Amino acid sequence: MDIIANGKDIILHQPDFDLDMTLDCGQAFRWERLSPVVYTGFAGKRPLTIEQRDDSTFVFKDTSMDDMAFWADYFDLERDYGSIKERFSEDEVLSRACKYGHGIRILKQDREETLLSFIISQNNNIPRIKLIISRLCALYGGFPTACEMRDADEDTLAPLKAGFRTRYLLDCIRRINSGETELDAISLMDSESAAKELMKIKGVGAKVAACTLLFGFQRLEVCPVDVWIRRVLEKCYPNGLPPCTKDFEGIAQQYLFYYFRGRDEELTP
DNA sequence: TTCCAGGCGTATC
DNA sequence: GATACGCATGGA
């Protein structure tokens with residue numbers, strides 16, 4: 001990581017990082033692509049506009065050094081994805097996926113936002129997930145905390161058009177506010193117990209729990225299995241992911257998801 | 001019109 | 001414990 005202040009902006013030189021790949025690979029739903037090289041969005045209530053100048057040069061617009069410390073953490077800039085990709089490349093399919101999505105990084109997102117977002121994601125497509133979340137943010141003026149939604153009911157959330165997921169959101173909000181679900185406590189559990197605890201929330205099954213742990217709790221060993229990854233596993237890894245993914249199955253999963261999503265012809269026998 | 005989407009709850013066996 | 005089916009919504 002190489003950071004230089006430049007007036008109100010920060011210039012970052014960083015390998016293994018690409019905005020399109022990281023912000024549009026289905027892990028975060030609140031980044032808007034203003035142009036092929038400029039994204040704007042939020043982490044929590046903190047705004048950012050970021051521009052990619054070339055393979056490894058990024059401009060964080062109107063960003064202080066203090067803010068930059070936050071963003072460096074959010075974008076997981078300290079982690080050496082190069083060495084992780086090198087390990088993964090022992091495997092032929094993963095090698096291709098890593099080349100294709102070479103600039104993917106796993107974001108360190110807010111826990112509540114990740115949990116609520118992936119409750120919305122179930123049996124849904126990415127454009128509509130983004131739409132529902134944007135309507136939620138419009139309703140509350142930014143992505144709301146569970147506390148801010150404590151008085152919400154079916155009618156409050158009707159404008160989201162989230163369908164059957166609305167009552168799942170409400171159960172999640174209720175449980176967090178009542179203390180039945182404690183994200184701080186969950187963050188201290190091993191991943192298996194944490195998933196089990198998250199799954200006490202209506203609408204949270206194995207997949208949503210796994211996404212929450214991977215993207216919201218930095219459990220990089222947790223591998224969410226959705227319809228796409230299920231197809232990849234059936235076609236390429238009938239005996240499970242290879243040993244070179246150990247401890248980072250979640251990251252491997254994300255390279256595979258980005259590479260195979262939408263490629264029906266590569267996944268149908 | 002029918003099928004599908006970063007699934008899950010419920011009924012049934 | 002495994003499997004089958006319904007579920008809101010909207011784009012293809």
Side-chain angles (χ1 to χ4, degrees), chain A residues 20-31 97 100-101 104-107 109-111 113-136 138-139 143 152-175 180-181 191 195-237 241 249-268:
Chain A
D20 273 329
M21 296 177 193
T22 297
L23 298 178
D24 199 29
C25 68
Q27 60 174 320
F29 304 103
R30 233 160 32 106
W31 290 95
Y100 181 77
I104 292 175
R105 308 182 80 84
I106 304 293
L107 301 172
Q109 301 185 68
D110 178 79
R111 293 166 187 165
E113 177 172 339
T114 307
L115 175 56
L116 293 165
S117 294
F118 279 93
I119 286 173
I120 291 168
S121 80
Q122 69 171 269
N123 198 31
N124 212 340
N125 56 60
I126 291 177
R128 207 170 80 89
I129 297 165
K130 288 184 175 175
L131 192 59
I132 292 171
I133 290 174
S134 75
R135 290 192 287 240
L136 176 65
L139 195 58
F143 201 107
D153 57 20
E154 294 265 357
D155 291 335
T156 316
L157 299 185
L160 306 188
K161 295 189 175 297
F164 62 87
R165 304 166 194 84
T166 299
R167 59 197 174 90
Y168 299 157
L169 292 173
L170 290 171
D171 187 60
C172 181
I173 294 161
R174 183 190 61 73
R175 289 186 63 100
E180 283 174 84
T181 295
S191 293
K196 221 169 159 182
E197 190 59 29
L198 287 170
M199 286 165 65
K200 290 180 181 173
I201 301 166
K202 289 267 187 234
V204 177
K207 160 64 171 56
V208 171
C211 285
T212 304
L213 290 173
L214 175 59
F215 303 125
F217 289 78
Q218 293 76 52
R219 301 299 177 94
L220 301 181
E221 81 283 7
V222 174
C223 178
V225 178
D226 72 328
V227 290
W228 294 104
I229 293 297
R230 191 173 306 286
R231 288 168 201 161
V232 175
L233 292 174
E234 282 169 6
K235 173 100 190 286
C236 306
Y237 303 103
L241 290 174
E249 289 93 331
I251 301 182
Q253 171 274 156
Q254 199 59 23
Y255 288 121
L256 292 168
F257 177 79
Y258 185 73
Y259 181 58
F260 283 103
R261 177 166 60 105
R263 292 178 190 237
D264 288 314
E265 72 280 4
E266 292 213 31
L267 290 172
T268 44

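It should be emphasised that the depicted structure is a prediction, and the values quoted were computed from it without experimental measurement. A, B, ... follow the sequence lines: proteins, then strands. Residue 1 opens every chain.
Taking atom CZ on A:Phe215 and atom P on B:dG6, their separation rounds to 13 Å, with Å as the unit. In this entry the distance linking CZ of A:Phe118 with P of B:dG6 reads 11 Å, nearest Å. Atom CZ in A:Arg128 sits roughly 13 Å away from atom C1' in B:dG7 (whole-Å rounding). Protein atom CD1 of A:Ile120 is 15 Å distant from nucleotide atom C1' of B:dA5, rounded to whole Å. Rounded to whole angstrom, the span from the CG atom of A:Leu116 across to the P atom of B:dC8 amounts to 15 Å. Here the C1' atom of nucleotide B:dA5 and the CZ atom of A:Phe29 are 12 Å apart, to the nearest Å. Whole-Å rounding puts the A:Trp228 CH2 to B:dC4 P distance at 11 Å. The nearest whole Å value for the distance from the CD1 atom in A:Ile229 to the P atom in B:dG7 is 11 Å.
Per the stacking criterion (ring centres < 5.5 Å, plane angle < 30°), A:Phe257 stacks onto the base of B:dG6.
As judged by a 4.0 angstrom heavy-atom cut-off over every strand, A:Val204 is placed among residues touching the sugar-phosphate backbone only. Backbone-only contact: A:Ile201 has heavy atoms under 4.0 Å from sugar-phosphate atoms and none from a base. A:Gly26 comes within 4.0 angstrom of a base, heavy atoms only.
OP1 or OP2 of B:dT10 lies within a sub-4.0 Å distance of a side-chain N or O belonging to A:Lys202.
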key: Criterion side chain to side chain contact (heavy atoms under 4.5 Å, CB included) on A:Phe143 and A:Ser117, from CA distance to verdict   = CA-CA 10 Å; A:Phe143 201 107; A:Ser117 294; 3.6 Å; yes
ask   = Going through the checks in order, is the side chain to side chain contact (heavy atoms under 4.5 Å, CB included) test met by A:Phe217 and A:Thr212?
value = CA-CA 7 Å; A:Phe217 289 78; A:Thr212 304; 3.8 Å; yes
message = Quick one, A:Glu113 with A:Arg30, criterion salt bridge (Lys or Arg N to Asp or Glu O under 4.0 Å). Give me CA distance, side-chain angles, the key distance, then yes/no.
response = CA-CA 10 Å; A:Glu113 177 172 339; A:Arg30 233 160 32 106; 3.0 Å; yes
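Between A:Leu136 and A:Leu169, every side-chain heavy-atom pair lies at or beyond the 4.5 Å cut-off. Under the 4.5 Å side-chain criterion, counting only non-hydrogen atoms from C-beta, A:Val204 is in contact with A:Met199.
For A:Lys130 against A:Phe29, the heavy-atom pair with the smallest separation is CG-O, 3.5 Å. When every heavy atom of A:Ile132 is checked against every heavy atom of A:Lys161, the shortest pair comes out as CD1-O, 3.9 Å.
Remark: the A:Ser121 side chain and the A:Asn124 side chain contain no N/O donor-acceptor pair separated by less than 3.5 Å.
Taking 3.5 Å as the limit, the base of B:dG6 and the side chain of A:Gln254 contain a donor-acceptor pair of atoms between them.
The gap from the P atom of B:dC8 to that of C:dG10 amounts to 22 Å, rounded to the nearest Å. Between the C1' atoms of C:dT3 and B:dG6, the separation comes to 23 Å (whole Å).
Remark: A:Lys161, A:Gly163, A:Phe164, A:Arg165 in residues 161-175 of chain A come within less than 4.0 Å of DNA chain C through at least one heavy atom.
Along DNA chain C, read 5' to 3', the first and last nucleotides having any atom under 4.0 Å from a heavy atom of chain A are C:dC7 to C:dG10.
Where A:Met199 and A:Arg261 meet DNA chain B, the nucleotide closest to each residue was compared, and A:Arg261 sits on the side nearer the 5' end.
Around atom CZ of A:Arg135, more than 12 heavy atoms belonging to other residues, nucleotides or ligands sit under 6.0 Å away.
Partners of A:Tyr258 by ring pair (Phe, Tyr, Trp, His ring centres under 6.0 Å), not counting sequence neighbours, listed by chain and number: A:Tyr100.
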